[in-house]
Trainee: 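Input: one structure, supplied below.
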Amino acid sequence: MTHLGSESHAGVYRYDDVDRQFVFERVEQFRGQVARRLAGTLSEDEFKPLRLMNGLYHQLHGYMLRIAIPYGVLTSRQMHRLARIARIYDRGYGHFTTRQNLQFNWIKLAEAPDILRELAEVDMHAIQTSGNCVRNVTTDQFAGAAADEVVDPRVYAEIMRQWSTLNPEFSYLPRKFKIAITGSLTDRAAIEVHDVGLRAKRGPDGAVGFEVFVGGGLGRTPFIGKPLRDWLPEADLLAYLDAILRVYNQWGRRDNIYKARIKILVHELGLPALRERVEQEFAQIRGPRYRLDPEIVAAINDHFAAPPFAEAAVSVSGSLDRHPELPAFGHWLETSITAHRQPGYAGVTISLKPIGGIPGDLTADQMDAVADLAARYSFGELRVSHAQNLVLPHVREDALFDLWQALGPIGLATANVGLISDIIACPGLDYCSLANTRSIPLAQQIGARFSGPGEQQNIGDLSIKISGCINACGHHHVGNIGILGVDKHGVETFQITIGGKVGTGAALGAVIGPAVAFDQVATVVENLVAVYLEQRQAGEPFVDTVARIGTRPFSEKVYGIAA
Amino acid sequence: MASKAITANRVQDGVTIWVGPDENWVERIADAAVFDDVSAETVLRAVKARGGTGFVVDPYVIEVTTNREGPFPVRYREQIRARGPSVRSDLGLAIDRRPA
Ligand code: HEM
Ligand code: SF4
């Protein structure tokens with residue numbers, strides 16, 4: 001892979017020949033390893049680290065392949081390829097995750113090299129989707145499109161991708177390392193729950209710099225990221241990240257897997273001491289030899305040039321026909337549209353949360369259909385959001401009605417983005433070998449309870465997040481309502497928290513009382529919502545009501561009735 | 001004494017399997033052999049030793065009861081492995097149902 005400092009051949013998916021050759025060689029290397037495993041000359045113990053380096057996990061039903069979608073950006077061509085893989089090599093569907101990755105659950109080891117080859121042909125791979133390295137950098141799903149964007153975060157996500165990919169110094173960190181970046185006023189990338197969170201912003205002279213958070217993360221010991229630095233000049237981005245990773249590499253704990261993430265180091269050292277070490281390291285390596293060349297940044301910036309927006313679209317801006325005769329379209333518009341920086345355009349979120357469906361799952365046919373729609377309506381570009389939805393980033397306002405009509409028949413016009421049934425759920429016990437409990441069926445049950453006309457709209461903004469174990473892949477700690485599966489003597493039970501949130505001013509939820517049984521969860525959620533509807537003030541979302549009145553009224557309602 | 005079966009996943013395609021009556025691997029738990037605690041551990045050791053490098057991934061012992069069709073797992077986790085995801089009954093047994 002091309003690294004910065006040598007020549008700059010950035011490019012999202014527009015790999016150069018060296019990149020391409022590298023990925024193909026890597027596939028063939030893996031093919032050899034698989035052949036040796038199948039022949040029995042490699043044991044599972046020997047083979048496991050090799051397959052994990054290529055994104056191949058062993059889960060409840062066999063092999064699972066995790067495919068990187070760098071900063072969540074996909075082309076129509078790539079989406080078509082994913083559809084083809086789902087159809088030919090898997091069981092006709094794939095699962096989009098909160099990490100802006102895609103997982104296939106029914107992979108045959110013997111075919112894994114062919115799949116990786118198919119991916120390589122469209123400049124995709126599964127490298128660094130596992131292991132104690134810097135993982136896929138995630139960002140705002142509306143990057144390059146949002147009206148409130150100050151700096152395009154894709155540029156820096158791409159720079160970090162090049163810097164981190166196969167970086168030998170950071171291949172054996174104490175534990176995995178996740179970086180998220182936003183460049184907007186509204187943080188849609190959840191930067192405060194990542195190992196490092198970056199907010200790109202502009203100084204008084206317009207120069208780009210970063211606010212740096214460190215030590216955020218969920219899992220067993222959740223922490224909100226702490227402010228490490230208020231302003232990091234663009235030129236120092238990589239030197240400073242290097243400094244953080246070096247300090248972590250040296251001082252992060254390797255004796256206990258549960259204490260190995262950087263959040264624990266931050267917690268044990270304290271922020272000032274950590275900052276001092278980082279600044280010391282940074283002082284040694286920064287400087288003329290290690291700075292991000294503005295020319296490189298400019299070259300990468302060019303790769304993210306805006307698509308050829310139509311002048312004609314501007315003239316219809318703001319005069320969108322809402323088709324009042326079709327209220328369903330109005331509902332969909334209300335939840336699915338995000339303001340675009342280009343007049344006459346909109347960002348469209350496609351909900352992957354149909355009522356009663358599986359959050360994040362998409363069939364091969366839907367993948368093909370949505371890839372075609374992206375080609376037709378969004379310059380061939382798609383995004384994956386950390387809320388397990390898809391985004392068409394650049395849609396003309398005067399095409400929204402046609403798009404909506406096309407989404408309906410393929411089951412992708414659910415008008416619930418940001419509402420109570422737009423639930424994040426980890427795979428849980430239905431797929432995951434680490435799970436205590438199921439989580440998908442709860443999402444289905446809860447969605448069904450609030451499916452009456454107008455019910456969700458009346459409740460308004462409310463996020464439910466479900467994890468099937470303490471690893472917190474479903475981000476339950478930061479759900480307005482968080483649901484965590486715990487195993488009580490072999491019985492699935494669920495701990496409920498309220499008041500968590502992500503984005504600017506992220507907060508962890510508070511436990512409302514003893515864990516409840518599988519069958520009670522949806523009723524508990526109904527009770528929580530009932531208290532909110534009773535108590536809310538005008539315009540107050542659920543999470544603000546919790547902040548104002550505390551958890552007690554909620555606990556009383558839930559346990560008063562459930563007991 | 002609790003009834004036991006031995007499960008794993010097949011190396012080449014990941015399919016969930018159980019040790020059958022003649023110590024061959026079977027793809028339906030109803031066809032699995034049932035062992036007592038002691039013999040289950042013995043067979044597990046033999047499975048792990050087989051071929052040195054082994055031809056299955058992650059073999060282990062599970063608890064089973066016996067119903068009309070044959071042995072069935074006690075724990076919910078193992079029931080899901082045997083039947084496939086609870087949310088995708090269309091996928092049926094954990095055998096290859098890839099569309100033709
Ligand atoms: C089914 C296979 C999966 C396995 C075995 C798995 C395993 C894990 C483990 C062990 C951790 C904790 C790591 C640590 O704290 O050091 C973790 C964290 C995480 N996983 Fe997964 N995961 C799986 C699927 C997913 C899926 C499908 C998603 C997205 C929907 C996801 C998103 C995450 C996220 C966001 C975290 C970080 C939570 C944090 O901040 O600590 N994972 N996963
Ligand atoms: S939270 Fe636990 S159950 Fe859910 S996917 Fe992660 S590891 Fe599996």
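Order of the sequence lines sets the chain letters (A, B, ...), proteins ahead of strands, with each chain counted from 1.
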Trainee: Any pair with a residue in residues 7-20 of chain B that passes salt bridge (Lys or Arg N to Asp or Glu O under 4.0 Å), sequence neighbours left out, goes on the list, sorted by first then second residue, please.
Mentor: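 Applying salt bridge (Lys or Arg N to Asp or Glu O under 4.0 Å) to every pair that reaches into residues 7-20 of chain B, excluding sequence neighbours, yields Arg10(B)-Asp13(B), Arg10(B)-Glu27(B).
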Trainee: Which one of Asn436(A), Asp430(A), Thr437(A), Ile440(A) has the most heavy-atom pairs closer than 4.5 Å to chain B?
Mentor: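 Among Asn436(A), Asp430(A), Thr437(A), Ile440(A), the one with the most close pairs to chain B is Asp430(A).
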Trainee: List for me each residue that meets side chain to side chain donor-acceptor pair (under 3.5 Å) alongside Asn389(A), sequence neighbours excluded, and say none if there are none.
Mentor: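 In terms of side chain to side chain donor-acceptor pair (under 3.5 Å), with neighbours along the sequence ignored, Asn389(A) is linked to Asp422(A).
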Trainee: Verify the distance criterion only: is there a donor paired with an acceptor across the side chains of His80(A) and Asp368(A) at less than 3.5 Å?
Mentor: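 On atom types as modelled, these side chains qualify, holding a pair under 3.5 Å.
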Trainee: Regarding Asn471(A) and Arg220(A), do their side chains bring together a donor and an acceptor under 3.5 Å, going by distance alone?
Mentor: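 Judged by distance alone, the side chains do not pair up.
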Trainee: Would you mind writing out the side-chain donor-acceptor pairs for residues 356-364 of chain A within the sub-3.5 Å range, not counting sequence neighbours?
Mentor:
residue   : atom : partner   : partner atom : Å
Asp361(A) : OD1  : His95(A)  : ND1          : 2.8
Thr363(A) : OG1  : Gln366(A) : N            : 3.1
Thr363(A) : OG1  : Gln366(A) : OE1          : 3.4

Trainee: Using a 6.0 Å distance limit plus a 45 degree cone around the ring axis, check whether Arg51(A) lies over the aromatic ring of Tyr57(A).
Mentor: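 That pair does not qualify as a cation-pi contact.
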Trainee: For chain A, which residues from residues 69-78 of chain B have at least one heavy atom closer than 4.5 Å to it?
Mentor: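 Near chain A, by residue number: Arg75(B), Tyr76(B), Arg77(B).
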